[in-house]
Amino acid sequence: MAKRSAVLKVSGLRRAFGPVTIIDSFSLEVRAGEAIALTGRNGAGKSTLLRCLVGADRPDDGTVEVMGNPMSETSPQIRRDVATVIDDLDFFPDLSVVEHLDLLARAHGMTDPDALVDEVLEEVQLVPQSGQLPGTLSSGQRRRLALATAFVRPRKLLVLDEPEQRLDTEGVGWLAAKLKAERQQGLAIVFASHEPALVETVATRVVELGAPRG
Ligand SMILES: Nc1ncnc2c1ncn2[C@@H]1O[C@H](COP(=O)(O)OP(=O)(O)OP(=O)(O)O)[C@@H](O)[C@H]1O
């Protein structure tokens, strides 16, 4: 059988801030069904790399391709294929939890998203809060809403920066099972994490940044 082509292909990526090079000569290929965990100490460059991967930051050198297309945050095709939860999301202050998810699903082409939105609300355990405005949610609930936005839309590549942040123990367990299932269903995933249990359950490969080269 032919080897599946890469969903994400990163070649020779470099990112420096002033004189300090954070990412250097970084290359990576991620295929459908693979989950790459980026690990490493604070400041190792995980968020910087993820931001370059999704077009939120521009590398000084190197290329990023998604499904063979050069990364561009404004390309409709890339926006369709890539679901990201990398920064604290800005929510519309006057749209409820369920309205956010409904809007996102429709913006990504779903004509009747009710069943999917209900299912995802159940999964992230925000059913009781579905009518609340984002400003009234707890910090962990806001994180759950941010994660939910990735699951109500089509996706081929999921990019997550420390998705475990602010989740309770049960939430981290749910997230690990969810991401493992997503990967098994053929999604490509790249995520940064400081949570060994999440890395252990989800990752098919671990890439440690900032490690001494051996
Ligand atoms: N815009 C910027 N200007 C200058 N330095 C920056 C900028 N963004 C990031 N850095 C530096 O780049 C390095 C990598 O930061 P980054 O946020 O990628 O680390 P990280 O591995 O995600 O860390 P953490 O585990 O703490 O989240 C840090 O030393 C940080 O101070």
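Counting begins at 1 with the first residue of the sequence. Whatever order the structure lists ligands and atoms in, that order sets their numbers, starting from 1.
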Contact check: [X] vs ligand 1, nitrogen or oxygen atoms, below 3.5 angstrom:
X: G43; result: yes
X: A44; result: yes
X: I22; result: no

(request) Considering non-hydrogen atoms only, spot the tightest contact between A35 and R183 and give its length. (result)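 So the minimum-distance heavy-atom pair works out to CB-CG, 3.8 Å.
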(message) At under 4.0 Å between heavy atoms, is it the side chain or the backbone of E162 that contacts ligand 1, or both, or neither?
(response)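 Contact part for E162 vs ligand 1: side chain (C-beta onward).
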(request) From the options K46, R51, R15, select the one whose nearest heavy atom is closest to atom 20 (P) of ligand 1. (result)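 When every heavy atom of K46, R51, R15 is considered, K46 comes closest to atom 20 (P) of ligand 1.
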(request) Pick whichever of T48, V20, T21 has a heavy atom sitting closest to atom 18 (O) of ligand 1. (result)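 The residue whose heavy atom sits nearest atom 18 (O) of ligand 1 is T48.
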To the nearest 0.5 Å, what is the distance between [atom1] ([X]) and [atom2] ([Y])?
X: L38; Y: L50; atom1: CG; atom2: CG; value: 5.5 Å
X: R143; Y: L145; atom1: CZ; atom2: CG; value: 11.0 Å
X: L147; Y: L179; atom1: CG; atom2: CG; value: 8.0 Å

(request) Can you confirm whether something in the protein, heavy atoms only, sits under 4.0 Å from atom 30 (C) of ligand 1? (result)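 Under the 4.0 Å cut-off, atom 30 (C) of ligand 1 has no protein heavy-atom neighbours at all.
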(message) Protein heavy atoms near atom 16 (P) of ligand 1, is at least one of them under 4.0 angstrom away?
(response)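 It does: a protein heavy atom is found less than 4.0 Å away from atom 16 (P) of ligand 1.
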(message) Among all protein heavy atoms in this structure, tell me which lies nearest to atom 9 (C) of ligand 1, with the distance rounded to 0.1 Å.
(response)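 Ranked first by proximity to atom 9 (C) of ligand 1 is F17 CE1, 3.4 Å.
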(request) Please write down residue, atom name and distance for the protein heavy atom closest to atom 26 (O) of ligand 1. (result)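 Closest protein heavy atom to atom 26 (O) of ligand 1: N42 ND2, 3.0 Å.
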(message) Donor-acceptor pair, distance only, cut-off 3.5 Å: does the side chain of E123 make one with the backbone of V120?
(response)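 Side chain of E123 to backbone of V120: no pair is present.
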(request) Please determine if K180 and E182 form a salt bridge, counting it only when a charged side-chain N lies under 4.0 Å from a carboxylate O. (result)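 A salt bridge is absent here (no side-chain N lies under 4.0 Å from a carboxylate O).
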(request) In plain terms, say whether D168 and R144 are close enough for a salt bridge, that is, a side-chain N and a carboxylate O under 4.0 Å apart. (result)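 Counted as a salt bridge, because a side-chain N and a carboxylate O are separated by less than 4.0 Å.
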(request) Would you mind listing which atoms of ligand 1 come within a distance below 4.0 Å of any non-hydrogen atom of S47? (result)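 Near S47, the atoms of ligand 1 are 17 (O), 18 (O), 20 (P), 22 (O).
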(request) Mark up the atoms of ligand 1 that fall under 4.0 Å of a heavy atom belonging to G45, in ascending order. (result)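 Listed by number with element, the hits are 14 (C), 18 (O), 19 (O), 20 (P), 21 (O).
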(message) Is any side-chain heavy atom of V98 closer than 4.5 Å to one of L101?
(response)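 Contact flag for L101/V98 side chains = no.
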